[in-house]
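Beneath this line is the structure, given in structure tokens, with notes to follow.
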Amino acid sequence: MARSTERSRADGEASLMVRAAATYTLGSIAGVISLLAGLSAAADRPIPGDNVAAPIEGALCGCPPFPEIPFGRRPSYLPGNTLVLTFDDGPDLVNTPKVLDVLARESVQATFFLNTESWTSLRENAVARAIVRRIVEEGHSLANHTAHHLRISRLPPEKIEQEIAEVEIVVREILGSEAPRLTLFRAPFGDPYVGHRWGPTFRKVAPIVARHAVHVGWNIAPTERVCPSGAGLCVLASTRRQLDRGAYGVVLLHSTKAETAAGLPAIIAEARRRGMRFLSVEDAVRARYQRSSAELVDDPRCHGGG
């Protein structure tokens with residue numbers, strides 16, 4: 001069943017949201033400007049690692065352990081004029097279709113990281129299942145975001161496996177023989193791939209993920225969660241700030257948010273105004289490793305076992 005309230009997010013986010021709501025005047029450009037001026041600097045905090053290693057590994061040493069598209073503002077394996085649109089947490093029944101409408105109108109492809117039991121149930125809800133079919137029919141990619149959007153670093157290994165495998169099973173149930181392999185994965189909250197590199201939780205999670213998929217981080221993360229519902233200008237302004245700082249590459253968005261659906265046309269227009277072009281996540285994987293995500297997953301050497 002669809003959740004009545006949104007999941008708990010990062011520490012301190014609630015206070016930012018209260019401040020945002022207090023400063024925003026619906027329909028007022030001045031209110032949006034005031035909101036953006038008042039947001040904490042933490043809302044656009046730097047993503048760890050401005051410079052990411054160049055193409056690596058795959059051609060020289062067979063396969064790197066735990067392949068991933070890492071975090072950082074400037075992924076050196078991609079041209080500096082590229083964006084990769086990704087959408088987490090869907091599908092929901094209202095905003096994901098609006099996002100798909102925009103992408104169809106603008107002829108832009110994206111990757112949707114699915115939960116199966118979050119905003120709605122992909123096992124039970126026929127409308128949500130139809131949205132998944134629409135995503136594929138319109139040329140977009142499906143990827144895995146776990147069944148229940150839990151912090152997988154806190155789960156035992158068997159539960160991590162279950163959270164990943166359930167999404168694969170449900171997608172096969174929906175799409176049958178036409179179902180794509182879900183060889184791209186993003187951990188909810190990026191945990192433990194951001195902030196806990198090579199610690200014990202990473203070493204617990206990463207080998208399990210690598211048997212299923214390449215982990216996909218992000219390079220640009222608009223501050224949707226501190227924007228009032230439907231405030232597309234707020235999401236656009238956050239995106240602009242990060243582009244102005246030289247960020248490019250994978251963009252983290254959420255197809256369940258009204259403000260993202262509202263701001264997406266302007267984000268695409270802004271990118272085109274800057275001469276940027278849109279690539280897929282699979283393009284980014286091939287650029288970094290010179291191999292597809294499926295090839296990396298199918299190579300046992302990529303699972304960290306040597």
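In what follows, residues are counted from 1 in the order of the sequence shown.
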Quiz item: Any luck finding a side-chain donor-acceptor pair between T116 and R123 under 3.5 Å?
Solution: no
Exercise. Inspect the contact between R181 and D298 and indicate whether a charged nitrogen and a carboxylate oxygen are less than 4.0 angstrom apart.
Key: yes
Quiz item: Can R74 be said to sit on top of Y248's aromatic six-ring, NZ or CZ under 6.0 Å from centre and within 45° of the ring axis?
Solution: no
Quiz item: Are F189 and H149 an aromatic pair by the rule of ring centers under 6.0 Å?
Solution: yes
Practice problem: Please determine if D89 and K257 form a salt bridge, counting it only when a charged side-chain N lies under 4.0 Å from a carboxylate O. | Solution: no
Practice problem: State which residues pass side chain to side chain donor-acceptor pair (under 3.5 Å) with R240; sequence neighbours excluded, sorted by chain then number. | Solution: E270
Quiz item: Given the side-chain rings of Y193 and F202, with only the six-membered ring counted for Trp, is the space between their centroids under 6.0 Å?
Solution: yes
Quiz item: Is Q109 close to S280 at the side-chain level, that is, under 4.5 Å between some pair of heavy atoms?
Solution: no
Quiz prompt | From CD1 (I160) to NZ (K204), nearest 0.5 Å | solution = 5.0 Å
Exercise. Hey, could you give me the OG1/CD distance between T223 and E259, rounded to the nearest 0.5 Å?
Key: 10.0 Å
Quiz item: Distance from I208 atom CD1 to E163 atom CD, nearest 0.5 Å?
Solution: 11.5 Å
Quiz prompt | Atom pair CD1 (I267) and CZ (R272), whose distance is rounded to the nearest 0.5 Å | solution = 13.0 Å
Quiz item: Any side-chain heavy atom of L264 sitting closer than 4.5 Å to one from F87?
Solution: yes
Self-check item: Residues forming a side chain to side chain donor-acceptor pair (under 3.5 Å) with R105, sequence neighbours excluded
Solution: none
Quiz item: Can you check side chain to side chain contact (heavy atoms under 4.5 Å, CB included) on E68 and V209, steps first, answer last?
Solution: CA-CA 10 Å; E68 64 176 311; V209 171; over 6 Å; no
Quiz item: Are side-chain N/O atoms of S293 and T183 paired as donor and acceptor at under 3.5 Å?
Solution: yes
Practice problem: Pick out which of L184, I164, V216 makes a side-chain contact (heavy atoms from CB on, under 4.5 Å) with N144. | Solution: I164
Quiz item: Shared ILVMFWY cluster between V167 and V297, side chains joined below 4.5 angstrom?
Solution: no
Exercise. Would you kindly say whether T256 and N95 are connected by a side-chain donor-acceptor distance under 3.5 Å?
Key: no
Practice problem: Examine the side chains of N125 and S121 and answer whether a donor and an acceptor come within less than 3.5 Å of each other. | Solution: no
Quiz item: Do we see a donor-acceptor contact under 3.5 Å between the side chains of E224 and H254?
Solution: yes
Quiz item: Does some side-chain heavy atom of P70 sit less than 4.5 Å from a side-chain heavy atom of H215?
Solution: no
Quiz item: Hey, quick one: are V132 and V127 part of the same hydrophobic cluster, counting side-chain heavy atoms closer than 4.5 Å, chains of contacts allowed?
Solution: yes
Quiz item: What salt bridge (charged side-chain N to carboxylate O under 4.0 Å, His left out) pairs are there with at least one residue in residues 125-137, not counting sequence neighbours?
Solution: D101-R134, R134-E138
